[in-house]
Structure formats: structure tokens, C-alpha cells
Amino acid sequence: MLKSLKSYDDLMAMRKLCEEKFKLHKARVFICMTGCRALGAEEVYSEFKKQLKKQKLESKVEIIETGCQGLCARAPVITINAPGVFFHRRIFYGRVTVDIVPEIIASTIEKGQVINKLCYVEAGKRIPYLKDIPFYSKQKKVVLRNCGVIDPNNVEQYIAKKGYEGLAKALFNQKPEDIINEVKISGLRGRGGAGFPTGIKWEFCRKTKGDIKYLICNADEGDPGAFMDRAVLEGDPHAVIEGMLTAAYAIGSEKGFIYVRAEYPIAVKHLEKAIAQARQLNLLGNNILGSGFNFDLEIKMGAGAFVCGEETALIASIEGKRGMPRSRPPFPVNSGLWNKPTNINNVETFANIPIIILNGSEWYKHFGTKKGTGTKIFALAGKVKNTGLVEVPMGTTLREIIFDIGGGIPGRRQFKAAQMGGPSGGCVPAEHLDLPIDYETVKEVGAIMGSGGLVVMDEDTSMVEIARYFMSFVQEESCGKCVPCRIGTKRMLEVLTRINEGNGSRNDVEKLKELAYVTKTASLCGLGQTAPNPVLSTVRYFMNEYEELIN
Amino acid sequence: MKGKTINRLKVDIKPVKKIVVNFDNDYESNLIAILQQTQDEYGYLPKQVLKEISRLTDIPLARIFGVVTFYSQFTLIPRGKHAIKVCSGTACHVKGADDVKQKMKEVLNVEEGQTTPDYKFTLETVACIGTCFLAPVMMIDERYFGKLTTDKTVDIVEKYS
């Protein structure tokens with residue numbers, strides 16, 4: 001039973017107790033129970049429990065069910081603090097199966113011995129310790145700080161890791177305007193894709209007159225190829241809640257919504273639990289921590305519409321309507337949900353807030369570039385060895401992400417392009433591998449940062465087919481409200497399909513460019529405005545493939 | 001079962017009253033949640049049930065239909081016992097989701113969006129279920145199956161049959 005926290009001191013007292021409880025006293029096994037479930041993590045977890053009970057070792061070993069540990073390519077993943085000289089260094093085991101569990105208990109957990117065949121291998125060398133694996137050592141985990149390290153369903157572990165201290169600092173030592181200033185100085189930009197400066201958005205919302213203001217977390221994550229928001233919601237839901245509480249205090253809102261897509265049932269479950277725990281602790285509700293500030297959260301589920309990731313469509317969906325965008329102005333910060341001033345931010349944006357407030361904006365600015373501070377999570381997928389979640393400072397190059405961290409292309413094939421930004425983005429070819437990634441540089445080469453989806457393609461991938469694939473996705477998801485998008489995407493898809501099938505004609509590429517221009521310029525919302533991007537970027541860099549198919 | 005036959009089926013509308021009454025503070029903005037819980041209860045959204053929702057909430061039936069037909073999660077026709085969702089997201093696509101989809105169509109003898117005659121399976125494609133590192137992926141009900149090959153897919157479906 002969690003006790004209600006009535007003051008800053010109450011929180012600090014609870015922190016001390018939680019830190020003590022969470023201290024490393026005995027052997028500890030961290031099992032990823034989110035994404036890894038798809039390859040048997042639940043069975044592995046049950047086997048551990050069964051074996052430990054059988055061998056009467058339950059009091060000597062702690063098992064922690066965690067969120068995403070990042071190196072998803074080696075799922076199911078576990079990490080272990082094993083007895084011995086290197087107790088504080090976590091051992092990394094991948095591709096763990098049910099039948100190897102007894103050996104892990106006997107060798108690693110009881111005797112501290114490493115099982116070689118479960119270790120990560122790079123260039124023929126086995127690397128047992130997490131800290132030494134390049135996939136991990138080259139990352140900077142800020143948003144993913146707690147993912148894979150705590151049990152997301154246990155708020156005490158979040159608090160042990162300084163959870164909610166940032167919020168307490170904000171509520172008692174800072175005024176809303178100070179917080180907005182801090183976020184402005186940090187340079188944090190919206191991580192959902194558009195990259196709008198977060199502090200400035202909050203300022204607009206704060207300045208709008210009105211007693212009732214709403215806060216929304218966009219957890220729709222519709223981009224195919226993106227799964228970082230899912231990892232944060234499942235692995236560290238309190239980071240999002242704390243970020244929202246801080247934002248609500250800054251803009252003057254008392255009611256918030258988290259709009260989660262229907263395809264994420266585990267995320268919804270973990271969020272529900274986290275919200276319930278926060279309410280018990282008086283971190284949500286009335287008079288939070290005795291500060292006089294009120295705020296509560298509600299989860300709203302999507303129902304399978306990519307366009308609902310667009311902010312005005314999302315608002316319509318929360319209002320119980322068809323998720324169709326509307327023109328702006330007015331912008332949501334002035335008139336949004338039920339015509340009240342509304343601030344919408346992405347999951348990753350909110351998850352950055354607690355640590356920015358706790359460590360300060362100057363600390364945050366140390367990472368990244370001038371125009372793109374902080375870190376960005378990339379969902380590395382496709383033809384790359386180490387698929388999974390990668391968090392790096394802005395300004396890291398594609399080469400570092402794909403080759404140094406990602407382990408390169410499997411099967412000794414050649415890198416061809418990396419798709420960045422999902423269906424709104426573009427393909428970045430090999431000539432730009434050394435591009436330092438930030439919002440502006442990616443735009444210059446014809447792609448967008450987007451949500452951070454990064455799909456790697458090799459020499460076997462047909463770029464025209466990829467353009468057709470994205471266009472068919474967007475065409476399917478187009479809400480149909482405006483002509484440029486509804487008809488523009490349909491016609492472009494027809495042209496792309498016939499080129500792909502070998503029935504293209506001489507002036508088809510010109511047709512595509514013309515249609516792209518109209519769709520881009522005249523569509524009502526971001527879906528239509530960015531739908532032509534994959535076509536335009538593949539035409540820019542892979543024109544030869546179009547010509548080959550046409551001739 | 002064809003459309004007309006479905007609509008003439010006798011459907012028990014009592015469960016829907018229990019669902020709707022939970023949202024009596026604000027029916028309109030909770031319409032999607034009402035429809036989701038209703039679909040969980042019945043397996044699909046029968047027309048008579050939608051009429052009842054309209055009667056209880058005062059929301060015009062046309063508007064309810066507008067919402068039902070907009071979101072891909074909702075279905076007006078019965079679905080199979082097991083919902084098979086083959087992911088066709090970017091990563092899965094690049095790693096051969098098309099072959100998996102083809103195989104499923106062959107094995108079950110249905111097209112996308114259709115249900116097998118014995119109402120055991122419904123085959124659908126989803127844009128992305130967020131487990132891209134395991135591409136190609138499919139979900140059956142709430143379970144995930146990753147790193148699929150055409151052979152693995154056949155084995156998995158057989159286990160459910």
C-alpha cells in the first residue's frame with residue numbers, strides 16, 4: 001500500500017527508503033518483458049521463477065521485469081549482476097531460451113561464471129559486459145535512462161532513481177514562467193517529428209487567456225518502423241507522467257490526456273498501473289505534494305487511424321468524432337480540445353522534461369549541436385545487424401549509428417540507403433553517411449528527422465518499390481477530407497504501381513513531380529503535405545532505378 | 001454469412017446498456033471507448049446494437065456510423081475467433097512481410113480482411129505494431145510472433161487450429 005505524500009520532505013523521505021530497498025545487495029536478473037515477449041521472454045521469466053523456487057534460491061536472487069533493454073536483435077535479452085569481483089558490472093545475455101535457464105542459475109548466478117555462448121559477439125570477440133559492448137557504450141541514454149533498469153510497474157524503483165524530484169523542485173522552488181524559461185534555454189524541440197521548440201509552445205499556451213487549459217500527450221506513434229514511444233510508455237511510464245505534470249504546472253492546466261494507439265495494449269496496461277500508483281501517492285489529483293497544484297490524467301485510446309497522430313485529428317478523436325484534421329490557425333495552443341487552449345507534445349518530448357528540470361538546461365545543452373540539443377532515440381530496423389533502440393546525442397553521424405552501433409549490414413551486403421522519418425520522410429543514400437544528424441541537416445538532404453524511425457536498406461532493395469510502398473500506406477490512411485491529398489496520393493500511387501510493374505511511360509516521372517508539387521503545397525495537413533517526400537527523395541538519388549524500370 | 005442475414009440475427013442488446021451507463025457524464029466524447037467496449041463484448045458491432053447506443057446516448061445513428069466506418073479497428077461484420085494481424089510496416093516490408101502475407105492467404109484460403117468460413121480466423125494487415133526489430137512480425141490475438149519465415153507461419157497457425 002503506497003502512502004500519500006503530503007510535502008517535499010515526504011517525497012525525499014520516501015526516496016531514501018526506496019534507494020535503500022533498491023540497493024544492490026544480492027544477485028539481480030533484469031528480464032525485458034516488453035518487446036522481447038514476442039520471442040519468448042514470458043516463458044523465460046516463468047522458468048526462472050520455477051527453477052529458483054525449486055532450488056530454494058528465491059531469497060538469494062532478485063528478478064526484475066523491465067522495459068526495453070535496447071538490443072532487440074538478440075531477444076530475449078537479460079542482464080545480470082552476478083556475484084564476484086565484477087558484481088556491479090552487468091553481464092549481457094542474448095537469445096536466452098527456456099532450456100538454458102538452469103545453466104544460467106548454476107554457473108552465472110551462483111558462481112559468477114560467464115556462459116560464452118550467450119554473450120554478444122563483435123568481430124569474432126565475445127563481449128560479456130554491457131559497458132563494453134559498442135552498441136551500448138556509444139549511446140547516451142537520457143530518455144531511456146530507466147528503461148531496462150527498473151520495473152515499470154513499481155513506482156518505488158522510479159522514485160529510487162530520483163523520480164518526481166524534478167517535479168517537486170518545480171512546484172516548490174520555481175514559478176511556471178521560470179520552468180518555461182528553463183525549457184526554452186535547454187533548446188528542447190518536439191520529438192514527434194516537427195521539431196517545434198517546446199518552451200516556445202508552452203509559452204504560447206500559457207499566455208493564452210483562459211481558466212481551463214488542456215494538456216495532451218501524443219502517444220499515437222503511427223509511423224511504421226518507429227517503436228521508441230512504445231518502449232518509453234511500457235518501460236518508464238512515470239517519466240512521461242512526471243513530464244506532463246511539470247508541463248501542466250508551467251502552462252496552467254489541471255486536466256491531461258494520454259492518447260495511445262489501439263495497437264499498444266501493453267503500454268495502456270502499464271500506464272493505467274502507473275497512474276493508479278501516482279494517485280495513491282498524491283502525485284496526481286488535488287493538492288499534489290501539498291503544493292496546492294491540481295492535475296489529473298485520463299487515457300484515451302485510438303482506434304486504428306494513422307492520421308490521428310496529426311494534432312487536430314487527434315483532438316477530434318478525443319472529442320469522439322471522426323479523426324479528420326482542420327485548418328490552422330487557430331492553433332491548438334490558442335483553441336484546441338473543446339475549443340480550449342491545448343498543449344500537445346510527444347511521448348519522448350515529455351520524457352525529457354524531468355531530467356532537464358532536475359539537472360538543469362545547461363547540462364542538457366552539452367549534448368547535441370547548437371540547433372539540436374539533447375539526444376534522440378532512433379528505432380534501428382531493416383537490413384542491419386543490431387536492430388533495436390539507439391539513443392545518441394544530436395549530431396551523431398549516420399555511419400556511427402548504422403555501423404559502429406548497429407554493427408553494419410548483415411551478409412556482407414552493401415549499404416544502399418536509410419529511410420528516415422517514416423512515410424513523411426526520405427531515403428538518405430551512402431553519399432551522406434557522414435552527415436551529422438539534426439533537424440536542419442536531415443531536411444537539406446531531402447528527408448526529415450520525424451519520429452526517429454531509421455530503416456536500413458541494402459543493395460537488394462528496390463527504391464521504386466519502397467516509394468510505392470509508402471505511397472500505398474499514405475493513400476490508405478488519407479482521411480479523404482481534402483482533394484489534393486485524397487486524389488493526389490491516389491494518382492501518384494497509380495503511376496508508381498505501373499512504373500514498378502514495368503508499364504511506366506516516358507513522362508511518368510514528370511507527372512509524379514507535378515502531382516507531388518500540388519499535393520505538397522495544397523494539402524490541408526501534414527499527412528498530405530509530406531506524402532510525396534519518399535517519391536521526391538528516391539527520384540533525387542535513385543533516378544537510374546526509375547529509368548531502368550521505364551525503359 | 002452475407003450482410004442481410006447478419007442484420008436479421010437476433011442480438012441481445014442488454015450488455016450494451018451496462019457499457020453505456022458507465023459513461024453517462026459525457027457520452028459524446030466517450031463514443032470511441034463505448035464502441036471499443038461494445039466490440040469487445042460482441043466481437044463486432046451489430047446494427048441493432050448501434051441503434052440501441054444511439055437511443056441511449058442521443059447521438060444520431062448517422063454520426064455513430066461515421067465514426068465506426070472511419071476507424072479501422074471497428075467492424076460491422078462478425079470476425080473469426082482468432083484475429084491474425086500480419087504487420088506490413090516498413091521494417092517488416094523490407095524483411096519480407098509480403099511473403100508471409102501470401103503464405104497466410106494460401107494456408108487459410110482467404111483474402112485480406114476476410115474471415116475463414118468456419119469463423120476460426122480473420123486475416124488482416126496492420127500498418128505497424130511497433131516490434132520492428134523482430135521483422136517480419138504477426139500478432140494472433142494478443143501474442144506476438146517474430147522473425148517469421150513462411151514455414152514458421154504455417155506451424156504457428158496449425159497450433160491454433
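A, B, ... follow the sequence lines: proteins, then strands. Residue 1 opens every chain.
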For a 4.5 angstrom cut-off between non-hydrogen side-chain atoms, does [X] reach [Y]?
| X | Y | answer |
| --- | --- | --- |
| L39(A) | K147(B) | yes |
| M324(A) | F70(B) | yes |
| S29(B) | I318(A) | no |
| K300(A) | I32(B) | no |
| V94(B) | D458(A) | no |

Quick check on the interface: out of [options], who has the most heavy-atom pairs with chain B under 4.5 Å?
| options | answer |
| --- | --- |
| A379(A), G35(A), P423(A) | G35(A) |
| M457(A), Q419(A), E465(A) | E465(A) |
| A38(A), A73(A), A303(A), P265(A) | A303(A) |
| G323(A), C308(A), G388(A) | G323(A) |

Original post:
Can I266(A) and E142(B) be said to form a side-chain contact (heavy atoms from CB on, under 4.5 Å), step by step?
Top reply: CA-CA 9 Å; I266(A) 303 177; E142(B) 297 213 332; over 6 Å; no
Is [X] close to chain B through its backbone or its side chain, or both, or neither, when contacts mean heavy atoms under 4.5 Å?
| X | value |
| --- | --- |
| V456(A) | backbone |
| F306(A) | neither |
| S317(A) | both |
| L389(A) | neither |
| C68(A) | neither |

Could you pull out all donor-acceptor pairs under 3.5 Å where a side-chain atom in residues 221-229 of chain A meets a protein atom, sequence neighbours excluded?
unit_1: E221(A); atom_1: OE1; unit_2: R230(A); atom_2: N; d: 3.1
unit_1: E221(A); atom_1: OE1; unit_2: Y264(A); atom_2: OH; d: 2.6
unit_1: E221(A); atom_1: OE2; unit_2: M228(A); atom_2: N; d: 3.2
unit_1: E221(A); atom_1: OE2; unit_2: D229(A); atom_2: N; d: 2.8
unit_1: D223(A); atom_1: OD2; unit_2: S451(A); atom_2: OG; d: 2.9
unit_1: D229(A); atom_1: OD2; unit_2: N346(A); atom_2: ND2; d: 3.0

Original post:
So, S88(B) versus Y469(A): side-chain donor-acceptor pair below 3.5 Å or not?
Top reply: no
Subject >> chain A contact via V137(B) - side chain, backbone, both or neither, heavy atoms under 4.5 Å >> reply: neither
Original post:
Would you call E319(A) and R63(B) a salt bridge, taking side-chain N to carboxylate O under 4.0 Å as the test?
Top reply: no
